[in-house]
Undergrad: 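Let me give you the structure first, and then I'll get to my questions.
Computed from a predicted structure; not experimentally measured. We use all heavy atoms of the structure for the numbers below, so side chains are in, but hydrogens, waters and symmetry mates are not.
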Amino acid sequence: MYLTPLQTLAMILAVALGTQLTRWLPFLLFPEGKAVPKTVTYLGKLLPAAAMGLLVVYCLRNVPLTAAPHGIPEAAAILAVVLLHRWKGNVLLSIAGGTALYMVLVQAVFVGM
């Protein structure tokens, strides 16, 4: 798809405006010294856990429990993430460790299942 120089400029300006708006809007809506609304505080506490739950459900939606390997690599990776996070409390280590274990399991242990 070919864009004219004017279309390219318009697209760049729209993206720049959208980026700046998302950067400035929280400071404009919630200035320093003004109390944050209770709804926003509630959502700030609720949404991270809800997003994580949504990601877990999305990642596990197509895991075949009735066919080999019966979800064993996924369950082992989830367990590894939980244990690593309980042990070290480091999100990046937990995610990387669970991902590495899962990749080893599906590419070396449960090959061809």
Undergrad: Is any side-chain heavy atom of His70 closer than 4.5 Å to a side-chain heavy atom of Leu65?
TA: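 With C-beta onward as the side chain, the pair stays apart.
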Undergrad: Looking at every non-hydrogen atom in both residues, tell me the closest pair between Ser94 and Leu84 and how far apart they are.
TA: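 For Ser94 and Leu84, the tightest heavy-atom pair comes out as OG-C, 3.7 Å.
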Undergrad: So how far is it from Leu47 CG to Leu54 CG, rounded to the nearest 0.5 Å?
TA: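 CG of Leu54 is found 11.0 Å from CG of Leu47.
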Undergrad: Might you point out which heavy atoms bring Gly98 and Ala77 nearest each other, and give the distance in Å?
TA: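 Closest heavy-atom pair between Gly98 and Ala77: O-CB, 3.6 Å.
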Undergrad: Any non-hydrogen side-chain atom of Pro37 less than 4.5 Å from a side-chain atom of Phe30?
TA: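 Touching, per the 4.5 Å side-chain cut-off.
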Undergrad: Closest heavy-atom contact between Leu3 and Gln7?
TA: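 Here Leu3 and Gln7 meet closest at CA-OE1, 3.4 Å.
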Undergrad: Taking all non-hydrogen atoms of both residues into account, name the closest pair between Glu74 and Tyr102 and its distance.
TA: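 Result for this residue pair: OE2-OH, 3.5 Å.
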Undergrad: Just wondering, do Leu9 and Leu13 contact through their side chains at under 4.5 Å, heavy atoms?
TA: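 Heavy-atom side-chain distance check passes, below 4.5 Å.
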Undergrad: Is it possible for you to say whether Leu17 and Leu28 belong to one hydrophobic cluster, with membership spreading through side-chain heavy-atom contacts below 4.5 Å?
TA: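 As far as the 4.5 Å side-chain criterion goes, Leu28 and Leu17 are not connected within one cluster.
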Undergrad: Are Ile78 and Val63 in one and the same hydrophobic cluster, where Ile, Leu, Val, Met, Phe, Trp and Tyr link if side-chain heavy atoms are under 4.5 Å apart?
TA: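 As far as the 4.5 Å side-chain criterion goes, Val63 and Ile78 are connected within one cluster.
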Undergrad: Below 4.5 Å, heavy atoms only, C-beta onward: do His85 and Asn90 meet side chain to side chain?
TA: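 No. Closest side-chain heavy atoms not under 4.5 Å.
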Undergrad: Distance from Leu92 atom CG to Ile95 atom CD1, nearest 0.5 Å?
TA: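 Rounded to the nearest 0.5 Å, the CG-CD1 separation comes to 6.5 Å.
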Undergrad: If Ile, Leu, Val, Met, Phe, Trp and Tyr residues are connected whenever their side-chain heavy atoms lie under 4.5 Å apart, and connections chain through other members, are Leu29 and Val40 in the same group?
TA: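 In one cluster: yes.
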Undergrad: So, for Leu93 and Lys88, which heavy atoms are closest and what is the spacing to 0.1 Å?
TA: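 In this case the closest contact between Leu93 and Lys88 is CD2-CG, 3.6 Å.
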Undergrad: For Arg23, look at atom CZ and say whether over 12 heavy atoms of other residues, nucleotides or ligands are found less than 6.0 Å away.
TA: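 Counting other residues, nucleotides and ligands, CZ of Arg23 stays at 12 neighbours or fewer.
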Undergrad: Specify the closest pair of heavy atoms between Leu101 and Ala80, including all atoms of both residues, with the distance to one decimal.
TA: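 Heavy atoms of Leu101 and Ala80 come nearest at CD2-CB, 3.6 Å.
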